[in-house]
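Bear in mind the structure is a predicted one, so any value in this text is a computation, not a measurement. Counting starts at 1 for both ligands and their atoms, in listed order.
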Amino acid sequence: MTKPSILILPGDGIGPEVMDQVIRVIDWFGSNRNLYFDITTDLVGGAAYDKFGVPITDETVAKALKVDAVLLGAVGGPKYDNLDFSVKPERGLLRLRKELDLFSNLRPAQCFDALADFSSLKKELVAGLDIMIVRELTSGIYFGEPRGIQEDNEGGRVGINTQRYTTNEIRRVARSAFELARKRDNRVCSMEKANVMESGILWREEVQWVHDNEYPDVELSHMYADAGGMQLVRAPKQFDVIVTDNLFGDMLSDVAAMLTGSLGMLPSASLGLPDENGKPKALYEPVHGSAPDIEGQGKANPIACILSFAMALRYSFNELDEAKRLEGAIDAVLAKGIRTPDLMQAEDMKPVSTTDMGDAILEALDGSL
Ligand code: IPM
Ligand code: MG
């Protein structure tokens, strides 16, 4: 039997150090659960730019298209701030999303019991929180044409980006949200700005169409994205699945992430359409960025990246029980009060290092056997 394949792209900043812990976890599943993966590692973002002058090479994209799943750490850093837009580290990530056609970005915001009083919101508002943001990832204003910075007629300049969505683009991401809702609390809230944007009107109509024709059993509501942001901080537990466009999804998912206490805890999956074997192209990455301020100091929390691998077990490798095992191990570690510096709850708490956190999770995995 051929082993499932994973392309690992640690990237920049804290990406490589958190990814080291993920690799230890992957090895654990080989040694203890007979789950072996065919692993290749490559460069993306600033790391690729430093070596090749581009944020991702054609060869790396070709590899990403072949493997069963891509695991990415983070891209970007101050060193690259003044680079031309076309070669910025972020372009490497955007190219992967586009070329793999990863239109459905799943961003769960779950509040771990042990961290409920860590949120900037009151504990009772977030305890038990479990929402899933489905963000459209390959279209909208991130990719729409025309775009650019041009001279205008008055001797100044004009910056242009275009919000553009087609029926098909809206329907396919809506379907993935409804599918997820059926496995959860069966509720979808769609967010746009139909009060000011034509693309928002189309978004609302097409999501409603998919609901009425294909998922009438799922409860659907619509909200303007600004009101949605307000409701997310007012009463986040009212939501189950939220589906929204690329730009609103970028912002709303950061808001939702912070409700849970730390960006260092949240994974994400970006999925394409399932192929003939029912498997989608997939990229998994933590929601946090490259955090250059703490790079190389052993302070980074590897949990978001490890939970991203748990999502890969679930969505790419169909290993639900093993995904639960890994999530359970992380729960157990947090319940013991083991914390990286981003999760300090009290003066007298002593933070552990990135590697110590990896050790603790491996130990909890051993305990799960
Ligand atoms: C995200 C990030 C990216 C985005 C950047 C790094 C291009 O903020 O994944 O949320 O804007 O999509
Ligand atoms: Mg973002």
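A cation-pi contact links Arg172 to Phe103, judged by a cut-off of 6.0 Å to the six-membered ring centre and 45° from its axis. Geometrically, Arg135 engages Tyr142 in a cation-pi contact defined by less than 6.0 Å to the ring centre and at most 45° from the axis. Relative to the six-membered ring of Phe143, Lys98 meets both conditions, a distance below 6.0 Å and an angle of at most 45° to the axis. For the pair Arg171 and Trp209, the cation sits on the ring face: its NZ or CZ lies under 6.0 Å from the ring centre, inside 45° of the axis.
Distances from ligand 1 to the non-hydrogen atoms of Lys88 include no value under 4.0 Å.
The closest approach of Asp250 to the Mg ion (ligand 2), by N/O/S atoms, is made by OD1.
A donor atom on one side chain and an acceptor atom on the other are found under 3.5 Å apart for Glu136 and Tyr165.
Close approach to Tyr142 involves these atoms of ligand 1, each under 4.0 Å from a residue heavy atom: 4 (C), 11 (O), 12 (O).
The shortest N or O to N or O distance between Glu285 and ligand 1 is not below 3.5 Å. At a 3.5 angstrom cut-off on N or O pairs, Asp250 counts as close to ligand 1.
Proximity of a side-chain donor or acceptor of Asp275 to a complementary backbone N or O of Gly278 within less than 3.5 Å is detected.
Of all protein heavy atoms, the one lying nearest to atom 6 (C) of ligand 1 is Glu90 CG, 3.7 Å.
Considering each of Arg107, Arg91, Met251, the one bringing a non-hydrogen atom nearest atom 1 (C) of ligand 1 is Arg107.
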